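Worksheet: one structure, shown below.
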Amino acid sequence: MNLDFKNKKVLVRVDFNVPLEKGTFRITDDTRMRAAVPTIQHILKAGGAVILMSHFDRPLKKLNADGTINVQQYTLQHLVVHLAKLLSVSVQFADNCLGESAQKAVAALKSGEVLLLENTRFHKGEEKGDVEMAKSLAALGDIYINDAFGTAHRAHASTATMAQFFDKNHKSFGFLMQAEIDNANRLLNDAKKPAVAIIGGAKVSDKIMILERMLHVVDALIIGGAMAYTFIKAQGGEIGNSLCELDKLDAAKDLLEKAKAKGVQIYLPADSIVADKFAADARTGVMPSECIPVNWMGLDIGSQAITDFKKVILKSKTILWNGPMGVFEMEKFAKGTKSIAQAVAKATSKGAFSLVGGGDSVAALTLMNLSDQVSYVSTGGGAMLEFLEGKELPGIAAINA
Ligand code: AMP
């Protein structure tokens, strides 16, 4: 962001893919919009004009019956009033991110003003990373800033392809993107010991790469959520009806062996809250995680597991948390995830660096009003996961190129 913005038209790719209430289009969580405010305000203060680009949902996958785009449902116009409030300036809107509508609006835009372009995903070229679309978008401005970390793992026209039309002095990351990169790099390259990664969620297959990568970063790996049962079964445990990926048993065994060889301590839940069905009104009980009878399934970590996990978390100096410990959407199975959220916040208050990523762990923190009590909350679920796995994200590579 160390560029000269004075009298420049600055194209800023943001991630305004916010949840809207059905029917009323009221924004139910504006975190992503608020996250982009510092970048926008910096450019305005520096004398630039801001042209905002964003996708919203997947309109081309949800067309009207007659094959047309459901503009009413997927227009970014729904965000204009709230954005103006957040920025304390009026926000103009162009009903197409390409063509005459965008060009006219940009031509009339003055320094200190903000223009929001219509949903980039109204065009097929966006998700294809189309060069012609990227070129047309790039032609609208003098400088390109990418602040959309949430879509940095996509090689789309507005997130990656268009960066090639700007030289090094005319493109940059925004503040949000830079903060995401810095915090992830701090974990990967500068983790104070002891370090722990707490990985939960539904599937081993989604998280196996991050688990592998974390073996090179942390001293302890806590595995919770449904994916823990694949590991427990791989070790010969009885897991009843708990979720299990049978085709990942070998991958789980392999990871346990690699961890042993590297001296990384693996923690699996000693006990589980079990249920007789996947429902809020299920009968429940507590059982050792490796002795769950048929017809019962583990839906949360038990109190012994909470105690064990807390002990590790509280003595750690670096913490990564991604994924819930149980089906936290149902109150009966939320205690494990909530307790981990509390432990991560407590460790942070004692000086640990904590990075929390992934929609569900972030939601759990928000639910408990603990978001400001961890070191960094990532806005990018999939993007953060891929960054931590060690993949080069197209949105980042395109700015660095
Ligand atoms: P992920 O998107 O992979 O982070 O997975 C999150 C989902 O995993 C949440 O919707 C949880 O309800 C679900 N989940 C966590 N633990 C369990 C479990 N023990 N059994 C079934 N689903 C679970």
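Whatever order the structure lists ligands and atoms in, that order sets their numbers, starting from 1. These numbers come from the heavy atoms of this one structure, side chains and all, not from hydrogens, waters or symmetry mates. For reference, positions follow the sequence shown, starting with 1. Being a predicted model, the structure only gives us computed values, none of them experimental.
Considering backbone and side-chain N/O atoms, A202 comes within less than 3.5 Å of an N/O atom of ligand 1. Ligand 1 has a nitrogen or oxygen under 3.5 angstrom from a nitrogen or oxygen of A226.
When heavy-atom distances to ligand 1 are checked against a 4.0 Å cut-off, L299 comes that close through both its backbone and its side chain.
Using a 4.0 Å cut-off between charged side-chain N and carboxylate O, K335 and D300 make no salt bridge. Salt bridge R13/D147: absent, no basic N to carboxylate O contact under 4.0 Å. Between D142 and K9 there is no salt bridge, since none of the side-chain N atoms of the basic residue sits less than 4.0 Å from a carboxylate O of the acidic one.
Between M330, K207, E329, it is E329 that holds the heavy atom closest to atom 9 (C) of ligand 1.
Set against the non-hydrogen atoms of V327, the atoms of ligand 1 under 4.0 Å away are 12 (O), 15 (C), 16 (N), 17 (C), 18 (C), 20 (N), 21 (C), 22 (N), 23 (C). Atoms of ligand 1 lying under 4.0 Å from any heavy atom of G225, numbered from 1 in the order shown and given with element: 16 (N), 19 (N). Using a 4.0 Å cut-off to heavy atoms of G298, the atoms of ligand 1 that qualify are 18 (C), 19 (N), 20 (N).
Counting heavy atoms of neighbouring residues, nucleotides and ligands inside a 6.0 Å radius, atom NZ of K8 exceeds 12 of them.
Side-chain atoms of E21 and T24 form a donor-acceptor pair, as typed in the model, at a separation below 3.5 Å.
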Item to check | Intermediate values then yes/no, side chain to side chain donor-acceptor pair (under 3.5 Å), S205 and E245 | outcome: CA-CA 8 Å; S205 45; E245 285 166 277; 2.5 Å; yes

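Closest protein heavy atom to atom 7 (C) of ligand 1: D360 OD2, 3.9 Å.
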